[in-house]
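Take a look at the structure below.
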Amino acid sequence: MTHDFAAVKVSGMPQPQAPGVPAGYPVVPVAQPVAPGGGLAPVPTDGSWRLMQHGALVHLYSAASKRTLRVLGDGQVNGKGGQGAFAQFYVEHVAMQAHDIIKLRNFQNQRFYLHIIKGRLVSSDGVDNSSMFRVHCHGSDVISLESVVAPGEHVGILPSGEPKPACNTGRGPHGRFTVTPVGQALGQQNAMALLQHGAKIHLKSCASGKNLRILGQGDINGLGGNGMFATFFVEHMPSLPSDFIRLRNSSSPSYYLNIIQGQLVASTAAADTSLFRVIPLSGTVISLESSVCPGQHVGILPDGCRKPATSTGRGQHGQFTVLAAGAPNPPSVDIWSLLCPESRIHLFSAASKKSLRILANGQVNGNGGRGLFATFHVEHPEGQPREIIRLRSANNPQFYLNVIRGQLLASNGATNTSLFRVHCHRATLISLESVSAPGQHVGILPSGNPKPANQTHRGQHGTFTVEAAP
């Protein structure tokens with residue numbers, strides 16, 4: 001049974017918006033399903049599944065009508081839609097079900113789910129088994145939707161755009177749909193194609209008309225040109241879907257964009273607060289939503305000033321056009337070829353711009369050059385993963401780098417305090433974390449003096465460029 005339901009206008013707090021939704025209309029976030037004894041099954045990130053993650057907002061283009069599936073204000077379903085909110089659907093995965101079982105909730109009428117009831121495609125505000133569909137993938141972005149409670153019955157649209165009886169629909173053209181992120185029309189360039197790992201990009205604010213930038217002191221605004229302050233490296237995390245990225249500044253590579261306590265800031269830590277989910281809106285226009293604070297977005301006002309993330313949705317202030325800033329980075333040097341057993345290396349501090357060294361008296365600082373004091377032999381302890389190493393002075397072979405009681409020291413002998421875990425940031429840039437004191441890192445201040453390890457993380461003071469030594 002269908003229901004007549006119109007979106008209700010809300011006054012007061014600003015609401016995040018999607019394309020085609022008038023300001024002031026509510027956006028209901030997708031709730032993570034919770035079930036006793038189980039949660040969501042892992043969802044693949046390849047093929048069609050890269051677009052069908054839990055919470056994704058998508059269009060479904062009918063192979064028959066060449067238009068999008070939509071739910072009108074009176075609850076009627078057809079395949080005559082465009083790209084507005086009536087034709088947008090949230091993907092919801094179902095707790096304690098296989099990854100290919102989903103529900104589709106309409107964006108404009110957010111009480112309405114797609115259902116197959118008595119052989120017909122309808123919308124209803126009830127959330128029951130008739131709203132559950134099994135996804136069948138036909139290609140990289142083409143799917144069919146089969147009713148879970150009525151196997152063999154599929155969502156179907158005729159060439160006229162009218163719904164086809166589900167009991168007469170299989171997985172042919174009438175039952176096939178191309179999935180696209182909201183705002184991306186068929187055949188349009190996809191912003192994700194510009195957001196490959198290692199790509200260099202500009203983010204042109206749709207509000208200020210200029211590029212997002214991080215200035216030398218970490219100040220952020222939307223008044224940039226095409227220089228390095230306004231250029232960002234895109235970083236993907238291997239363990240996360242491809243729409244999660246970090247943005248690292250080209251001019252100050254230790255700075256990442258972050259949303260912290262509702263504000264857009266630059267931080268030297270590549271932490272969870274620097275992870276953003278890319279929301280494709282139209283062609284190469286995107287919004288960037290905080291991964292740790294859903295609903296908070298990167299925002300720029302028309303005058304170029306930062307807008308509080310807590311007040312920014314996916315409207316004009318939270319929209320950016322992705323522009324290529326040059327070719328992607330060349331393939332990275334394999335850091336492990338530089339850190340192979342018994343290799344000789346220099347470690348240049350990102351803070352002091354000089355190399356780490358151990359003097360004849362055992363003192364450690366970051367004021368070295370390329371001599372023997374600043375040369376280290378790399379040792380890989382037997383039975384340890386390859387990222388666990390020791391560093392032995394080439395000039396004083398009895399001296400090893402150590403972190404002892406929160407301080408960076410040189411000490412005789414290979415002990416547990418001389419074991420370090422290598423954290424690779426990019427190309428040949430690394431941090432060294434104490435194995436015996438997790439969270440404590442080798443650190444050098446801009447003056448070249450050692451920084452207490454218990455106050456050093458993986459920011460500029462705790463990062464080093466590895467260079468092969470003769």
Side-chain angles (χ1 to χ4, degrees), residues 1-3 5 30-31 33 35 38 40-44 47-49 51-65 67-72 74-81 86-139 141-180:
M1 178 171 70
T2 61
H3 298 267
F5 171 73
V30 176
L40 295 178
V43 180
S48 301
W49 293 110
L51 302 172
M52 300 289 285
Q53 302 296 309
H54 179 76
L57 192 59
V58 299
H59 299 299
L60 295 167
Y61 280 85
S62 164
S65 73
R67 305 289 297 273
T68 54
L69 194 65
R70 66 179 177 181
V71 178
L72 299 178
D74 60 1
Q76 291 185 14
V77 180
N78 65 38
K80 302 176 181 180
F86 291 110
Q88 299 172 11
F89 293 88
Y90 281 118
V91 177
E92 295 185 4
H93 288 266
V94 183
M96 300 186 70
Q97 295 285 345
H99 75 267
D100 57 349
I101 305 299
I102 67 167
K103 294 179 179 178
L104 291 167
R105 177 159 59 90
N106 188 249
F107 185 89
Q108 176 70 16
N109 298 314
Q110 296 192 12
R111 288 168 52 192
F112 282 175
Y113 286 79
L114 285 184
H115 291 247
I116 287 179
I117 300 175
K118 296 181 179 179
R120 294 177 57 242
L121 176 62
V122 297
S123 69
S124 173
D125 58 5
V127 184
D128 56 29
N129 289 343
S130 65
S131 64
M132 290 167 53
F133 295 94
R134 185 180 303 279
V135 178
H136 296 277
C137 300
H138 301 292
D141 52 5
V142 179
I143 65 170
S144 292
L145 296 164
E146 181 181 21
S147 170
V148 169
V149 296
E153 298 188 8
H154 296 75
V155 174
I157 293 294
L158 295 168
S160 64
E162 295 300 320
K164 182 176 180 178
C167 53
N168 296 331
T169 305
R171 300 176 200 166
H174 294 177
R176 293 194 177 193
F177 299 85
T178 298
V179 184
T180 68

Criterion side chain to side chain contact (heavy atoms under 4.5 Å, CB included) on D128 and V149, from CA distance to verdict: CA-CA 10 Å; D128 56 29; V149 296; over 6 Å; no
Contacts of type side-chain contact (heavy atoms from CB on, under 4.5 Å), residue S65, not counting sequence neighbours: S62, R67, I157
Side chain to side chain contact (heavy atoms under 4.5 Å, CB included) assessment of L104 paired with V91: CA-CA 5 Å; L104 291 167; V91 177; 4.1 Å; yes
Closest heavy-atom pair and its distance - S123, F112: OG-CD1, 3.7 Å
No-hydrogen, no-angle side-chain donor-acceptor test under 3.5 Å, T169 and H174: no
Distance-minimising heavy-atom pair for I116 and S147: CD1-CB, 3.9 Å
Minimum heavy-atom distance between N78 and G81, given as atom pair plus value: OD1-N, 4.4 Å
H138 versus S144, closest heavy-atom pair with distance: NE2-OG, 2.7 Å
Interatomic distance, K164 atom NZ to L121 atom CG [nearest 0.5 angstrom]: 12.5 Å
F86 backbone acceptor or donor facing N109 side chain under 3.5 Å: no
Closest non-hydrogen atom pair, L69 against F177: CD1-CE2, 4.3 Å
Nearest-0.5 Å distance that lies between atom NE2 in H115 and atom CG in N129: 10.5 Å
Atom pair OG (S131) and CD1 (I102), whose distance is rounded to the nearest 0.5 Å: 10.5 Å
H136 and R171 side chains, donor-acceptor separation under 3.5 Å: yes
Spacing of L145 atom CG and M132 atom CE [to the nearest 0.5 Å]: 13.0 Å
Pair E153-E146, side chain to side chain contact (heavy atoms under 4.5 Å, CB included): steps then yes or no: CA-CA 6 Å; E153 298 188 8; E146 181 181 21; over 6 Å; no
Steps toward side chain to side chain contact (heavy atoms under 4.5 Å, CB included) verdict (V179, L60): CA-CA 5 Å; V179 184; L60 295 167; 3.8 Å; yes
From CG (L114) to CG (N106), nearest 0.5 Å: 7.5 Å
Rounded distance [0.5 Å steps], CZ in F89 versus NZ in K103: 15.5 Å
Taking every non-hydrogen atom, the tightest pair across K80 and G161: CG-CA, 3.8 Å
